[in-house]
Visitor: 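One structure, pasted below without further comment.
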Amino acid sequence: MSSLAVSKTGLATDTAPGTAQSRPPLRRRIALVPTVTLLLGAVYCLLPVAWVVIAATKSGSELFSTFTFLPGTGFADNFADLSAYRDGVYWEWMGNSALYAGLGALLSAVVSAFSGYALAIYRFPGRETIFNVLLAGVLMPPVILAIPQYLLLAKADLTDSYLSVLLPQILSPYGVYLSRIYAAAAVPSDVVEAGRMDGASEWRIFTRVALPMMVPGMVTVFLFQFVAIWNNFLLPYIMLSDDEKFPITLGLYTLLEQGANTPALYTLVITGAFLAVFPLVALFLVIQRFWSLDLLSGAVKS
């Protein structure tokens with residue numbers, strides 16, 4: 001009897017629906033769906049990058065005569081030709097992009113830190129209205145603002161200057177939004193009140209207490225704004241006419257237009273696009289390191 005009962009119990013345990021033995025295969029099949037989706041998304045995003053990397057190694061004759069993903073032997077010549085083109089104007093474009101993106105992202109992060117902290121900590125009439133207007137600015141495409149910005153800067157006689165590209169990039173509605181959300185979460189109101197009770201000024205509380213807590217968020221704002229300015233094409237295209245002030249995006253566009261009549265310039269455009277990716281990758285790797293350190297130090301302090 002006991003052996004019969006044991007066998008029945010074992011049979012019931014093995015065949016019971018929803019047991020651990022019957023669930024893993026279904027879970028594995030379900031888990032494959034997001035994995036395959038992510039792999040397809042990665043291929044979709046990385047395939048153009050792979051094409052640019054491989055095409056930059058090809059000479060002009062190899063570019064149109066060899067298999068698309070077969071590396072070539074002309075990268076050194078392409079690099080030399082690109083550096084020699086118009087006495088190195090490509091590196092002037094690269095320097096202009098570094099100036100626009102670096103200084104613009106830094107100023108934008110500073111303005112966003114001030115604005116986000118004020119909207120998160122202080123209570124004043126119209127605060128929510130200002131924040132809602134900023135949210136509307138986040139949803140507004142930059143192409144809508146390009147012409148009004150050009151007309152305003154033309155009135156101030158600032159078009160075709162470095163300031164015409166820098167000034168419109170300093171105020172970022174998305175950066176202010178992120179700063180406000182991050183300041184509200186990272187800066188406790190009790191800490192601010194304690195600083196006031198100790199007699200510290202509002203400026204000292206912001207610079208010595210709140211800003212160190214907001215550093216990871218400000219690094220994120222800086223990174224997003226740097227990438228946005230580096231890749232911006234429309235604003236410089238409208239504002240600038242002197243090609244020595246062009247950023248890398250607009251400079252490569254002019255090369256591409258000339259390539260319609262001079263196919264040899266196609267290799268320069270591709271090589272220039274390949275080299276233009278390196279500053280973004282390097283910046284992301286460096287900032288990600290400090291970003292992680294800031295997050296870890298904040299966790300330890302808390």
Visitor: I'd like to know if the side chain of Ser97 and the backbone of Met94 have a donor-acceptor N/O pair within less than 3.5 Å.
Guide: no
Visitor: Which distance, rounded to the nearest 0.5 Å, do you find between the CD1 of Ile270 and the OG1 of Thr57?
Guide: 10.0 Å
Visitor: CG/Leu153 to CD1/Ile238 distance, rounded to the nearest 0.5 angstrom?
Guide: 11.0 Å
Visitor: Under the side-chain contact (heavy atoms from CB on, under 4.5 Å) criterion, do Asp160 and Lys245 qualify, and how do the steps go?
Guide: CA-CA 8 Å; Asp160 196 24; Lys245 299 173 184 175; 4.3 Å; yes
Visitor: Any chance you could measure Ser161, atom OG, to Met239, atom CE, to the nearest 0.5 Å?
Guide: 9.0 Å
Visitor: Report yes if the side chains of Phe224 and Thr220 come closer than 4.5 Å at any heavy-atom pair, otherwise no.
Guide: yes
Visitor: If you look at every heavy atom in Ala105 and Ile229, which pair is closest and at what distance?
Guide: N-CD1, 3.8 Å
Visitor: With a 4.5 Å cut-off on side-chain heavy-atom distances among I, L, V, M, F, W and Y, is there a chain of contacts connecting Val110 to Trp203?
Guide: yes
Visitor: Using a 4.5 Å cut-off on heavy atoms from C-beta on, say whether the side chain of Val192 contacts that of Val209.
Guide: no
Visitor: What is the distance from atom CD1 of Ile147 to atom CG of Leu234, rounded to the nearest 0.5 Å?
Guide: 7.5 Å
Visitor: Between Trp230 (side chain only) and Pro247 (backbone N and O only), is there a donor and an acceptor less than 3.5 Å apart?
Guide: no
Visitor: According to a 4.5 Å side-chain heavy-atom criterion applied to Ile, Leu, Val, Met, Phe, Trp and Tyr, with indirect links allowed, do Phe114 and Leu178 form part of one hydrophobic cluster?
Guide: yes
Visitor: Are Phe278 and Leu82 grouped together when hydrophobic residues (ILVMFWY) are joined by side-chain heavy atoms under 4.5 angstrom apart?
Guide: yes
Visitor: Do Val277 and Val52 come within less than 4.5 Å of each other through their side chains, counting heavy atoms only?
Guide: no
Visitor: Would a 4.5 Å heavy-atom cut-off, applied to side chains only, mark Leu119 and Leu134 as touching?
Guide: yes
Visitor: Side chains of Ser172 and Val221: closer than 4.5 Å at any heavy-atom pair?
Guide: no
Visitor: Please check if the side chain of Asp198 supplies one atom and the backbone of Ala200 the other of a donor-acceptor pair under 3.5 Å.
Guide: no
Visitor: Test your reading of the model: is there a side-chain donor-acceptor pair from Asn78 to the backbone of Thr267, 3.5 Å cut-off?
Guide: no
Visitor: Do Asp243 and Thr254 have side chains that get closer than 4.5 Å, going by heavy atoms?
Guide: no
Visitor: Counting neighbours of CZ on Phe131 that are heavy atoms of other residues, nucleotides or ligands and sit closer than 6.0 Å, is the number greater than 12?
Guide: yes
Visitor: Under a 3.5 Å distance rule, please check whether Glu62 uses its side chain to pair with a backbone N or O of Thr73 as donor and acceptor.
Guide: yes
Visitor: Is it true that a side-chain atom of Arg123 and a backbone atom of Ala120 form a donor plus acceptor pair closer than 3.5 Å?
Guide: yes
Visitor: Please report the closest heavy-atom contact between Ser83 and Trp91, naming both atoms and the distance.
Guide: OG-NE1, 3.2 Å
Visitor: Answer yes or no: are there more than 12 heavy-atom neighbours, outside Asp242 itself, under 6.0 Å from its atom CG?
Guide: yes
Visitor: Answer yes or no: are there more than 12 heavy-atom neighbours, outside Arg204 itself, under 6.0 Å from its atom CZ?
Guide: no
Visitor: Which residues pass the ring-ring contact (aromatic ring centres under 6.0 Å, His included) test with Tyr162, not counting sequence neighbours?
Guide: Tyr100
Visitor: Drop me the distance from Phe222's CZ to Leu107's CG, to the nearest 0.5 angstrom.
Guide: 10.0 Å
Visitor: Counting neighbours of CZ on Arg208 that are heavy atoms of other residues, nucleotides or ligands and sit closer than 6.0 Å, is the number greater than 12?
Guide: no
Visitor: Go through Glu202 and Arg196 one step at a time and tell me if the side-chain contact (heavy atoms from CB on, under 4.5 Å) criterion holds.
Guide: CA-CA 8 Å; Glu202 296 294 331; Arg196 291 168 179 168; 2.9 Å; yes
Visitor: Taking side-chain contact (heavy atoms from CB on, under 4.5 Å) as the test, write out the residues that go with Leu252, two or more places apart.
Guide: Tyr90, Ile248, Leu255, Ala273
Visitor: Please check if the number of heavy atoms outside Tyr237 that lie under 6.0 Å from its OH is greater than 12.
Guide: no
Visitor: How about Val187 and Phe206: do any of their side-chain heavy atoms sit closer than 4.5 Å?
Guide: no
Visitor: Please determine whether side-chain contact (heavy atoms from CB on, under 4.5 Å) holds for the pair Ser164 and Leu240, giving the CA-CA distance in whole Å, both sets of side-chain angles, and the decisive distance to 0.1 Å.
Guide: CA-CA 8 Å; Ser164 64; Leu240 301 176; 3.8 Å; yes
Visitor: Would the distance check show the side chain of Ser112 and the main-chain N or O of Ser179 forming a donor-acceptor pair, the cut-off being under 3.5 Å?
Guide: no
Visitor: Applying side-chain contact (heavy atoms from CB on, under 4.5 Å), run through Gln169 and Leu235 and close with a yes or a no.
Guide: CA-CA 9 Å; Gln169 314 269 11; Leu235 184 66; 3.3 Å; yes
Visitor: Under the 3.5 angstrom rule, does the side chain of Thr249 hit a backbone N or O of Asn232 as a donor-acceptor pair?
Guide: yes
Visitor: Please name all residues satisfying ring-ring contact (aromatic ring centres under 6.0 Å, His included) with Tyr122, sequence neighbours left out, ordered by chain then number.
Guide: Tyr117
Visitor: To the nearest 0.5 Å, how far apart are CG in Leu171 and CD in Gln225?
Guide: 9.0 Å
Visitor: Can you tell me if Lys58 uses its side chain to pair, donor with acceptor, with the backbone of Phe64 under 3.5 Å?
Guide: no
Visitor: Could you tell me whether the side chain of Asn96 reaches within less than 4.5 Å of the side chain of Val165, counting heavy atoms only?
Guide: no
Visitor: Any chain of hydrophobic side-chain contacts (each under 4.5 Å) joining Ile170 to Val138?
Guide: yes
Visitor: Is it the case that the ring center of Phe246 lies less than 6.0 angstrom away from the ring center of Tyr253?
Guide: no
Visitor: Are Leu32 and Leu40 grouped together when hydrophobic residues (ILVMFWY) are joined by side-chain heavy atoms under 4.5 angstrom apart?
Guide: no
